[in-house]
2 protein chains.
Amino acid sequence: MMKLQTLCFLLFMFVFYGNAQTINVSDYGIKPGKDVTLEVYRLITSLKGKKEVTLFFPKGKYEFYPENAYEEYRAVTNHDNSLKHIAFPIYGFQDFTIDGNGSTFNFHGKICPIVVENSENTTLKNFKIDWEHSFVNELKVIENNSKENSFVVEVNNGKFGFEVKNNEILFNHYDWQDVIGQNIAFDSKTRAPIWHTKNYYLKGSSNKSKVEKLDNKTAKFINYTEVTPPIGTVFATYGPTPGGNRFAQAIHLSESKDSFIENVTVYAAGGMALIAERCENITVDKFIVTSREDRFFSTRADATHFLGCKGMIKVENSLLEHMMDDGINVHGAYVKVEKYLGDNTFLCEISHVQQAGIVFSEPGDKVALISRETILPLYETTVTKTQKLNEKRFLLTVAQVPKEMPKGLLSFENLTWNPDLYMSNNTIRDNRARGALITTKGKVVIENNYFSSQMHGILIEGDNNKWYESGAVKDITITNNTFENIGYGTGEHYPLFIGPMFTPKQHLGTEKYHRNINFTNNTIKSYNGLLAHAMSVSQLNIQGNRITFSTDYPEGSKLPSVDLIYCEDVSIKKNSFKNFSWPLVVKTSDDVSNLSVSKNKGLSKK
Amino acid sequence: MMKLQTLCFLLFMFVFYGNAQTINVSDYGIKPGKDVTLEVYRLITSLKGKKEVTLFFPKGKYEFYPENAYEEYRAVTNHDNSLKHIAFPIYGFQDFTIDGNGSTFNFHGKICPIVVENSENTTLKNFKIDWEHSFVNELKVIENNSKENSFVVEVNNGKFGFEVKNNEILFNHYDWQDVIGQNIAFDSKTRAPIWHTKNYYLKGSSNKSKVEKLDNKTAKFINYTEVTPPIGTVFATYGPTPGGNRFAQAIHLSESKDSFIENVTVYAAGGMALIAERCENITVDKFIVTSREDRFFSTRADATHFLGCKGMIKVENSLLEHMMDDGINVHGAYVKVEKYLGDNTFLCEISHVQQAGIVFSEPGDKVALISRETILPLYETTVTKTQKLNEKRFLLTVAQVPKEMPKGLLSFENLTWNPDLYMSNNTIRDNRARGALITTKGKVVIENNYFSSQMHGILIEGDNNKWYESGAVKDITITNNTFENIGYGTGEHYPLFIGPMFTPKQHLGTEKYHRNINFTNNTIKSYNGLLAHAMSVSQLNIQGNRITFSTDYPEGSKLPSVDLIYCEDVSIKKNSFKNFSWPLVVKTSDDVSNLSVSKNKGLSKK
């Protein structure tokens, strides 16, 4: 006879899912408390071709290990390409849902939890992604001695421990060891990067430095930092880059349409919590990236990151904190023209090593030929053919080319894959780097969010230089947000920082790069009085922002509150600055035109 | 007007190729003396779907670089799996021919010249594969000092040079550096491994050793070898393994049928000259693997190697010398049973790291379940399904399983993919390791070849232990060959060495492992009087071999001339030993049965 429990479950399923197929994974031997990697993979592959399937996980803690995991070589943008073990390869599905029902998926070692590829209408909901052991090595300063510039740390490295070999500390992990590599010092009280964190950068072993293992939990470092770190400093070290520390993102969405992430928590990842590329329409709701209670840090890289997407990206009601990189980044990619081969075909090169292998474009995409010197568009056309040569280079054939090929270095930008972005009611804080990086040509609305970041609050950059993250923006509204103690890493960052990043060989062109950016009615708690920096923007509206002095960090800054370079049609209006004890000014370069500064309080034009 | 030259060419093409399409690559911008990688790739991809195509290369030296080469992640058996640049990806073609017309294809850096996959009737002929810079680093001893155990070498490293850093020598290559890694000392006079080469193994840097760069061409080593190497010693060093030195084989045949390699020379490779896996019928004729005139060494690994093939492998009229590993190896793979999952499905694990990613079987293949303790077969069945999990593990579903699953550790062996082998008129000499390794169940005939190898001449092993190279042989004839100075590396190797390789936990079973091996009428020039070692063989016939004493290396050996362990039905007849000054004996273990020793000259039973 059917148990009442089972009957209720089936009834619940019917009511909520109608005719769609819901699979209780426990019917397939997938039970909490054991390695279920193989069973989950076999179940997923057995469902190939089926639509409207929900995998329902009874609440519990499910374990995933790499040994029996599906594996393939994958290029994952902004990560290190490699053979990757994947626990949930959701490939080619329609209307597929993972409903964790509050479960924790607990990972061990180098394994990527979820990859969604070539799928439509995928929902990931109601689960937590955690790892037995964090990818971020955690060292808390418990003693220090500034005379000999030394400090003693407690290594929070669980059962794995660490060793010291050839004057180098090596952190043990599941089946590898990390050297120090990239690192940053946090403050155990604020749980955020420490003030002037650069002073405490661990420079790695040298002739002058020394590291010593004191016991299984503690180590002593001598001459590893510029300045001796205070007791309570917590170092996050996360291995060498590129190639060594971004191998296991938590969720990867690729070439998929209509993806939904709801009520998902990520406590750790050997890379980003969410990375999406070439996807259309992504909804992220109640996404939490945070550290586990016994740890200070969450992911090795960004909380969320979107490259070359289109449609609408919505991020709402989310908490993103304690990451080793940005809260959100939405951008495209500039690729270099290596050579024009004739017949409308260009030999192109992907510019950044961690974009290697991206799909830059497909036939039908509109692209712009760009000057690599001014980063301004020269010519628009449509892709008719692409042929990948290798992870760096590909052939791009377009419908038309200019009658005369422009002289100088060239790049391409994809115009079709630029998403709209709606961000609301999110908290991004206490992470390394920025709150948000936005370089999409779509309509962007960022409202009712809370930002408190170590570097810039919102960075609108575009660069054909370092990260090659395109491109120029056209329609940005940032309104009713709160920015608190922005730039607390060094004190020299802005809530809003706009401007392309140039190399010494690049220069401003005849047109402005960005346009139509509105920064209005935001509440800013600030120890340094900085509001906005903008270069090469047309139509910039900074209005109705309320900036209040805060005493949380050392006060003041040498930088102007508003800094304008080569902008036009700028309005700075009705912004009020309260309780600042030093003059706050708008500084402009000579080439700023049509600037209106009016009705501000506590702000003057220099 | 058509030039006479072109007319002649077309006429020639018509006469020789009939209606098939012959493409003169020069019509596609593929000319000697420049990087033609992109042009060759574009031409090959433009021919997809066409049959009976010949790419004809006018005689010249064509250059190939990695930058614009096609690239993909590839598992290549007995090599290091990685992203590989490939100059000629011959994928999915029928009746495709590359005719080099005597050309040299000259490679630069990490690039794999030719991969043939999923193709039928492919011919590769009339070309030479070379690399600007060898993968084997070459150091010739020009001074030595046995008092301080030091020596000075000239580094033959072309324009690339070398550096010494942290007491370690680093050899510069196209875009990487090699540490010493694997190495072996050759004798510049014999151009073969030096007598007792192990004495001169470069142990790598340590507290006691020292290496010093004297100038751009010379370096001094102190305490790097057990014994100070004589002047004229040439070290081959070729980097760390696994993972660091077998990344670029010259020719890879995979899942293809009827492949022909004719009149092809390979001067270098960052791996094997020819590696074939899961291919049916391979004909190798006039294949030359040798060092270029200005170098001592050829390939980093074997000259030819065949894993899991079927049909007929023919190797004729070939010269294979100066390699860093065996001349030829024909074998299958033992894979481990990790767990029986029920429903006729086994979780299996590929045993050797350099077999990772092999296709062990496909539906329809006959397989044997094997005891991993005795390496003897227990049960035969047919594969109905395979599912790859990752490069190490896969699921194997078979038609039937034993009523009761055998106890103890188990393995699988593929019975279908075992080729016949015909080797004739080849010279294999002056290489590291063995002449030939043969473990196939097919019919094997090895006749009229010349072997002179540092280790065993012909090794018939089968091991479920180290390399996991299956399996037991059934029909081997080795006749009318010449073996000269076999085992000159240490003096303790046999022209013929037969026997499974056991771990301490493995043991002989109730059946013999190998059977039906005939070693007849061979001519052997020998400084040590060794003829054959055999373990676990049924039906062994050693007859009519002529062994003559040679003075090329220090005489004598402590080992018996013929050594028999756990064999049955053995005939040792009419073998003659000439000019040996010490007694040559047949030694047998107590469990040898039905042994006949008769009519031999200069050989007695112990």
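Each chain gets a letter, A, B and so on, in the order the sequences are listed, and its residues count up from 1.
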Do [X] and [Y] come close enough that some side-chain heavy atom pair is under 4.5 Å?
| X | Y | result |
| --- | --- | --- |
| A:Thr345 | B:Arg42 | yes |
| B:Leu341 | A:Glu39 | no |
| A:Lys339 | B:Asn68 | no |

Exceeds 12 heavy-atom contacts within 6.0 angstrom, atom [atom1] of [X]:
| X | atom1 | value |
| --- | --- | --- |
| A:Lys203 | NZ | yes |
| A:Asp27 | CG | yes |
| B:Tyr28 | OH | no |
| A:Lys34 | NZ | yes |
| B:Asn166 | CG | no |
| B:Asn207 | CG | no |
| A:Lys48 | NZ | yes |

Quiz prompt | Residues in residues 242-251 of chain B near chain A [non-hydrogen atoms, under 4.5 Å] | solution = none
Self-check item: Residues from residues 69-91 of chain A approaching chain B under 4.5 Å (heavy atoms)
Solution: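 The list, in residue order, reads A:Ala69, A:Tyr70, A:Glu71, A:Tyr73, A:Leu83, A:His85.
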Exercise. Among A:Glu338, A:Glu391, A:Glu349, A:Lys392, single out the residue with the greatest number of heavy-atom pairs under 4.5 Å to chain B.
Key: A:Glu391
Practice problem: Provide the closest heavy-atom pair for A:Tyr41 versus B:Lys388 in the form atom of the first, atom of the second, distance. | Solution: OH-O, 3.9 Å
Quiz item: In Å and rounded to the nearest 0.5 Å, what is the CG to OG1 distance from B:Leu389 to A:Thr37?
Solution: 10.0 Å
Quiz item: Where on B:Glu67 is there a heavy atom nearer than 4.5 Å to chain A: the side chain, the backbone, both, or neither?
Solution: both
